[in-house]
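Please read the structure below before turning to the comments.
Below, all heavy atoms of this structure are taken into account, side chains as well, without hydrogens, waters or symmetry copies. Along the sequence shown, the residues carry numbers beginning at 1.
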Amino acid sequence: MGIKVDDVDLNNRAIVLRNTKNKKERLIFFSVKLKKELKNWIRYKDRYVTNELLFPSNKGNLLKPTNYEGTLNKIGKSLGIELFPHRLRANFAMYYLLNGGDIYTPSRILGHSSLEVTKVYLQIDDQNVSRRYLEIQIS
């Protein structure tokens with residue numbers, strides 16, 4: 001389980017997710033900036049842990065979701081915000097749409113079974129709708 005270094009294709013900026021919640025393998029893509037960060041992370045990780053996991057625990061084992069969620073929560077508290085994995089996913093989908101993206105792409109990236117599931121993530125407030133509408137009208 002977990003993402004392995006071999007699942008990462010730095011040249012094509014893609015990662016194969018094999019052990020998803022719905023048991024369907026899918027491909028996700030990442031930015032040039034993340035490519036640089038992943039490259040640095042893999043070099044750093046390999047100096048301290050010798051295994052195939054991309055994100056191992058401090059002891060080199062599979063990083064459990066509860067550990068990841070706990071770490072995000074601690075970071076959020078230090079920043080004075082609530083920070084959870086699902087909130088990050090929802091924010092990604094919302095900002096993707098607010099910046100001119102279509103609804104189909106985040107639905108596929110997030111691995112949703114339908115657009116209806118994606119729509120649940122999109123809690124766009126009136127201020128964001130107004131801003132986006134005005135941007136389109138100006139273009």
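- Within a 6.0 Å sphere centred on CZ of R26, other residues, nucleotides and ligands contribute more than 12 heavy atoms.
- Residues satisfying the side chain to side chain donor-acceptor pair (under 3.5 Å) test with N11, not counting sequence neighbours, are none.
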Exercise answer: donor-acceptor pairs, residues 60-79 side-chain atoms, under 3.5 Å, sequence neighbours excluded:
residue : atom : partner : partner atom : Å
T71     : OG1  : N67     : O            : 3.0
S78     : OG   : I75     : O            : 2.7

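- Take T20 and apply the side chain to side chain donor-acceptor pair (under 3.5 Å) test, not counting sequence neighbours, and it matches N22.
- Screening residues 39-63 for salt bridge (charged side-chain N to carboxylate O under 4.0 Å, His left out) gives no qualifying pairs among residues at least two apart or on separate chains.
- In this structure, OG in S107 is found 9.5 Å from CD in E116, a value given to the nearest 0.5 Å.
- R18 is linked by a salt bridge (Lys or Arg N to Asp or Glu O under 4.0 Å) to D7, E25, counting only residues two or more places apart in sequence or in another chain.
- Counting all heavy atoms, side chain and backbone alike, S113 lies closest to V117 at OG-CG2, 3.8 Å.
- F84 and F92 are not part of a single hydrophobic cluster, where members link through side-chain heavy atoms under 4.5 Å apart.
- The side-chain contact (heavy atoms from CB on, under 4.5 Å) search around Y104 returns D102, L115, not counting sequence neighbours.
- For D6, there are no side chain to side chain donor-acceptor pair (under 3.5 Å) partners at least two apart in sequence or on another chain.
- Taking Ile, Leu, Val, Met, Phe, Trp and Tyr as hydrophobic and joining them when side-chain heavy atoms fall under 4.5 Å apart, one finds F29 in a cluster with V16, L27.
- Using a 4.5 Å heavy-atom cutoff, the side chains of L10 and F30 are in contact.
- Taken together through direct or relayed side-chain contacts under 4.5 Å among Ile, Leu, Val, Met, Phe, Trp and Tyr, L54 and L34 form part of one hydrophobic cluster.
- Both V49 and Y44 belong to a common hydrophobic cluster when Ile, Leu, Val, Met, Phe, Trp and Tyr are linked at side-chain heavy-atom distances under 4.5 angstrom.
- Residues forming a side chain to side chain donor-acceptor pair (under 3.5 Å) with R13 (at least two apart in sequence, or on another chain): none.
- Legend: residues meeting side-chain contact (heavy atoms from CB on, under 4.5 Å) with T50, ordered by chain and number and at least two apart, are absent.
- The shortest heavy-atom contact between T118 and H112 is OG1-ND1, 2.8 Å.
- Under the 4.5 Å side-chain contact rule for hydrophobic residues, I15 and V32 do not share a cluster.
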